[in-house]
Structure formats: structure tokens, C-alpha cells
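Accompanying notes for the structure given below.
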Protein chains: 2
Amino acid sequence: MSSDKADIRNDGKSTARGKVLERRRRILAAIRDAAIDEFASKGLVGASTQAIAQRAGLTKPQLHYYISSKEELYEDILVYILDEWKEIFISSSAGDTPEQIIRAYIHKKLEYGKRNPKASRLFTAEITNGAPFLSRHLAQYQASTQEAVALIRSWVDQELIRPVDPLLFQMHIWAVTQHYADFEVQIKSFMQIGENEEFDMDHVEEEVVTLFLRACGLK
Amino acid sequence: MSSDKADIRNDGKSTARGKVLERRRRILAAIRDAAIDEFASKGLVGASTQAIAQRAGLTKPQLHYYISSKEELYEDILVYILDEWKEIFISSSAGDTPEQIIRAYIHKKLEYGKRNPKASRLFTAEITNGAPFLSRHLAQYQASTQEAVALIRSWVDQELIRPVDPLLFQMHIWAVTQHYADFEVQIKSFMQIGENEEFDMDHVEEEVVTLFLRACGLK
DNA sequence: ATGTAATCAAACCAATCGGTCAAACTAATT
DNA sequence: AATTAGTTTGACCGATTGGTTTGATTACAT
């Protein structure tokens, strides 16, 4: 595996140095992917560095050459996920009308959960455990949240939508969309869908959109 | 501790036998409570029988005298929680009108989450991990689910509410209410509420009720 | 070719894990 | 008082954990 010598863009440094850095970058990415898998399915305590190393195609001492400790790797990954999420918030850049913005938010959130179920569940696990590692970083969240709150409040003030509690409204969308990423097993059980079948995500999205549009009088 | 000799209802057996059984019952309950705490905060793999024993006021060999293995204890607890939940489903016994029934369901679900946050999170953790231990028991769920689906569908057919997908509608209520039990940390961060402050649960309940009543045209 | 710095792996460490066992202890029955 | 059944304990087991060490190996610049 990985014996292909893909050509590497020279990033200003010498080609040799570039190769070294590129290699290091790839290894760190492999470690991150492996760790997300392992942490998501076993939890922080249950995950073993041995298993993470193996998944990443490394030996244990080799892994510890690149990371300093299991806890630090765990926290790094959580922050990495949190960073990705800051771009999915309700924001006026997603369209002009409240309906467009709400539709876009729901779509982006469902899309992320579908594409990154492991990361999604890892985040949920950390939060339900009281966010012992993430609590320090959650403050970053608040900026995006407050922005969204202000936006929704302005809709209410302009009477573009029926009155809702902006914070809770946003949180409820978050809850429902997150649910589809985290509770796949329960959902399939509810829907009586087999292990390898998929449920109709387009229908789900339309139903979720309808729920929240009706809730603010847009449908 | 526990040196109080509480009088025990004679359950048909001799008083001595009754005391022995009562004692055993108390110990098993203590183990269950301790295990819910430990499993909820550390997960199945992370939890140690040592710690469970200590929380229950027992030694480790003493704990193993009452239970057979960690895994079995874990599964027993999950089934115990699942049993409690089967009574919280949407059901026509909760009132006459759709509005009354929906209000009652939301109220019961929020109430349970508030009173049993640990159990609630333990269930969520198991489900997000793919329900390796609970999947066999999830079938019991389906009966209650199908009952609720039939009820909601009848509302739609009678044109008592606007058309909704009965299964998804029910699941969305589940998702939002469950969210308040599981994501307390995130919610408090969103709301900028301190560690020991509480958020206004009455306001939350009213907002959740409004969300779903509007969604089916009842408000 | 040679020296140097980065990278790797076998063996190893103390600590903890779930679980067991035989011996001791307690309490009800005879 | 003697017997018995039920309960508790300290010591212990093999397995696994996160992490280290030491010495070999590699890749690069000169």
C-alpha cells in the first residue's frame, strides 16, 4: 500500500524537503482518521493506542513518535471536528430569504452527518459525557450562535416569520439533524429497515424542512 | 451506614427470610444505580468493576458474587431502561385531542430526561455505538412505535392535523426532547449559563410544544 | 563516500483490567 | 451446641493497557 510515488507540488522548499513534509502530513492525516474511527467506536478510555497505530499502518512506538499522548490526540481531533462545524451554522450568507437560509442550514447539517457519521458521533459522545475535553473550546461556538440568534431575531422583528425563541429554534434544528447522524440504528429499527438498506434521505430532508418552515409560519 | 433495621413487610415467608430477600434486593438496586453512573460516564469498556463495586459500597469479589460479568450487567441495565421507556410513547391513553396527546408525550419525555439524565445518556451512548447489546431488544420498541404511527395517521386521515409523515413526526419529537437530556453541556454553553445554574425548563417545554403543534397546524 | 539527523522497531515497564479461589466469617436451622 | 447454607475477604491470575528505551535503520546534505 501507499507505494505509489505521487508527484508532489513543490511548495517553495526544495523537493526533498517538500517530500518529507508531505509524507509527515499524510501520516498525521492517517493517524487522525484512524483515531476518529477508534475513538468513535470505543470511546476515549476504551480506545487503545495499539489499535489506532494498527489502523493507521504504524507500530505503537511509531505512533508515539508522532503524537505525545492518547488524551492529547483525542482533544486535537475534537477541536478539528469543531472547526469544521463552525462553517455549518445558520448564516445570512446562505441566501436571501429566511426560507432559503433555513433550507440551506438543514441541508448542510444533514449532509455533513451523512458524510462524517463517525466524527458526528464522536462529538456527541464527548458532549453527553459533559465535554471534559471540549468545554474549553466550546466558547468559540458562542460567536456563531449569537450571530445566528441575531439573524433570526431580526426576522421576527421584521415580521418575516412567526415569533419563535431564536436560540431554541436554532437548537431544535440542530437536535433533529444531529439525530439522523447519531441514531442510525434506532432509526432503521423504527423504520424496520434492514442492516444494509438505506432510508430515503431526500424524503427525510423535505419532512424536516417542512417541520421548521411551518413552525415559523413559512409554509 | 445501613445499620437501621427498617421494619419489613412480611411477604408470606418467615420474617427472617424476608429480611434476607429485602437485603439482597437493596444490594442489587445499589449495584444498578452505581453501574448506571459508571457506565454513563465511562462507557462499557472504560467502566471498571472495581469502581462500580466501590460506588455501590462493595468490594470487587463481593460484586462478582451478585453479578456474573460486566457485559451482562451492562445489558441488564439497558433492558431495564428500555422497559421504563416503553411507557412514554405517544398513545391515545394520554388524552382525547391530538394536542393533548402531543403535549403529554413531550411533557413525559422531558420529565424523564430531567429526572434520569444518566440513564438517558447511557441509552444514547449505546445507540450511537450501533446498539451492539441492545439491538436484540429493540424489536420490543417497534410495537409501541407502530401503535403511535397508526394513531397519528388516523389524525391525518380525519383531517384533524395537517399531513405529516407519522413516523418521522414522532421521531422528531423524540430527537428534540432527547436532546435536552443528553446535551446539557452544549445547551448551557449556547445559553451562556454557568455550571450550576439551571435553564428555564418550562419555557423550553412551551417552545417545543409550539414547534410541533404548529408543524401539524394546531397552533 | 561520509557524517548527521530523523525515523523506526523489539523488548520492556509498571499499572490496571476482569475475574477467580480458598479460606474465613456470619447467621439461620436443627 | 453442632450443622449448614449463605456471604465476604485478601491474595492472586493471566491479559492488556499507555508509554519508554535503546539500538538499528533510513534518508539527506555535504
Side-chain angles (χ1 to χ4, degrees), chain A residues 1-3 5-6 8 10-11 13-31 34-35 38-39 41-77 132-133, chain B residues 1-3 5 8 10-31 34-35 38-39 41-77 132-133:
Chain A
M1 70 184 89
S2 76
S3 63
K5 310 220 167 131
I8 293 140
N10 192 324
D11 48 68
K13 309 236 177 193
S14 74
T15 307
R17 173 69 84 197
K19 255 187 205 166
V20 167
L21 289 179
E22 170 68 11
R23 184 185 134 80
R24 185 182 189 86
R25 206 190 52 77
R26 259 211 313 263
I27 291 182
L28 288 175
I31 291 176
E38 179 74 4
F39 284 134
S41 63
K42 303 280 185 63
L44 169 60
V45 199
S48 83
T49 56
Q50 182 77 262
I52 295 175
Q54 203 160 357
R55 279 193 209 235
L58 307 171
T59 63
K60 197 166 63 162
Q62 203 175 350
L63 174 69
H64 275 93
Y65 179 75
Y66 289 99
I67 70 165
S68 58
S69 78
K70 188 169 77 159
E71 273 79 12
E72 198 180 291
L73 175 60
Y74 181 72
E75 183 165 347
D76 284 350
I77 286 176
F133 288 84
Chain B
M1 68 185 90
S2 77
S3 64
K5 311 220 168 136
I8 293 139
N10 192 326
D11 49 67
K13 310 234 176 195
S14 73
T15 308
R17 174 69 84 198
K19 255 186 204 166
V20 167
L21 290 178
E22 170 68 11
R23 183 185 136 79
R24 185 182 189 86
R25 209 190 51 75
R26 258 210 313 264
I27 291 182
L28 288 176
I31 290 177
E38 180 74 5
F39 283 134
S41 62
K42 303 280 185 62
L44 170 59
V45 198
S48 83
T49 55
Q50 181 77 260
I52 295 175
Q54 202 160 357
R55 281 194 208 233
L58 307 172
T59 62
K60 193 167 65 162
Q62 203 175 350
L63 174 69
H64 276 91
Y65 178 76
Y66 288 98
I67 70 167
S68 58
S69 78
K70 189 169 77 159
E71 271 81 10
E72 198 180 292
L73 175 60
Y74 180 72
E75 183 164 345
D76 284 351
I77 287 176
F133 287 84

Discussion item. When you compare the side chain of B:Tyr74 with that of B:Glu38, does any pair of heavy atoms fall below 4.5 Å?
Written reply: no
Item to complete: Count the heavy atoms belonging to other residues, nucleotides or ligands that lie under 6.0 Å from CD of B:Gln62, then report whether that count exceeds 12.
Response: yes
Fill in: For atom NZ of B:Lys60 and atom C1' of C:dC17, their distance in whole Å
7 Å
Discussion item. From C-beta outward on B:Arg23, which listed nucleotide comes closest to its side chain: D:dG19, C:dG19, D:dT7?
Written reply: D:dT7
Fill in: Nearest listed nucleotide, side chain of A:Thr49, among D:dT20, D:dG18, C:dG18
D:dG18
Worksheet item: Any idea which heavy atoms bring A:Arg55 and A:Ala34 closest together, and the distance?
Response: CB-CB, 3.5 Å
Worksheet item: With distance as the sole criterion, do the side chain of A:Lys70 and the base of D:dG19 form a donor-acceptor contact below 3.5 Å?
Response: no
Worksheet item: Under 4.0 Å between a side-chain N/O of A:Arg24 and OP1 or OP2 of C:dT7, yes or no?
Response: yes
Worksheet entry | B:Glu71 side-chain proximity, nearest of C:dA11, C:dT20, C:dG19 | C:dG19
Discussion item. Is there a side-chain contact between A:Thr59 and the phosphate of C:dA9, meaning an N or O under 4.0 Å from OP1 or OP2?
Written reply: yes
Worksheet item: In whole angstroms, how far is the P atom of D:dT7 from the CD1 atom of B:Ile31?
Response: 12 Å
Response to the item:
B:Leu63 atom CG is separated from C:dC17 atom P, nearest whole Å, by 13 Å
Worksheet item: Between atom CD in A:Glu72 and atom P in D:dG18, what is the gap in whole Å?
Response: 16 Å
Discussion item. Could you walk me through whether B:Glu75 and B:Glu71 satisfy the side-chain contact (heavy atoms from CB on, under 4.5 Å) test, starting with their C-alpha distance in whole Å, then the side-chain angles of each, then the deciding distance to 0.1 Å, before giving a yes or no?
Written reply: CA-CA 6 Å; B:Glu75 183 164 345; B:Glu71 271 81 10; over 6 Å; no
Worksheet, complete the sentence: Here the distance between atom C1' of D:dT7 and atom CG of B:Leu58, to the nearest Å, is 12 Å
Discussion item. Measuring to OP1 and OP2 of C:dC8, would you say a side-chain N or O of A:Tyr66 lies under 4.0 angstrom away?
Written reply: yes
Discussion item. Just to be sure I understand the rule, does B:Ala47 reach a base, reach only the sugar-phosphate, or reach nothing, if contact means heavy atoms closer than 4.0 Å?
Written reply: sugar-phosphate
Worksheet entry | Trace of the side-chain contact (heavy atoms from CB on, under 4.5 Å) decision for B:Leu73 with B:Ile52 | CA-CA 11 Å; B:Leu73 175 60; B:Ile52 295 175; 4.3 Å; yes
Worksheet item: Which is true for B:Gln62 with a 4.0 Å heavy-atom rule: it touches a base, it touches only sugar-phosphate, or it touches nothing?
Response: base
Discussion item. Whole angstroms only, please: what is the CD-C1' distance between B:Glu38 and C:dG18?
Written reply: 13 Å
Fill in: Distance, rounded to the nearest Å, where A:His64 contributes NE2 and D:dT17 contributes P
12 Å
Discussion item. Quick check on C:dC8: is either OP1 or OP2 less than 4.0 Å from any side-chain nitrogen or oxygen of A:Tyr65?
Written reply: no
Item to complete: To the nearest Å, give me how far apart CD (B:Gln54) and P (D:dT9) are.
Response: 13 Å
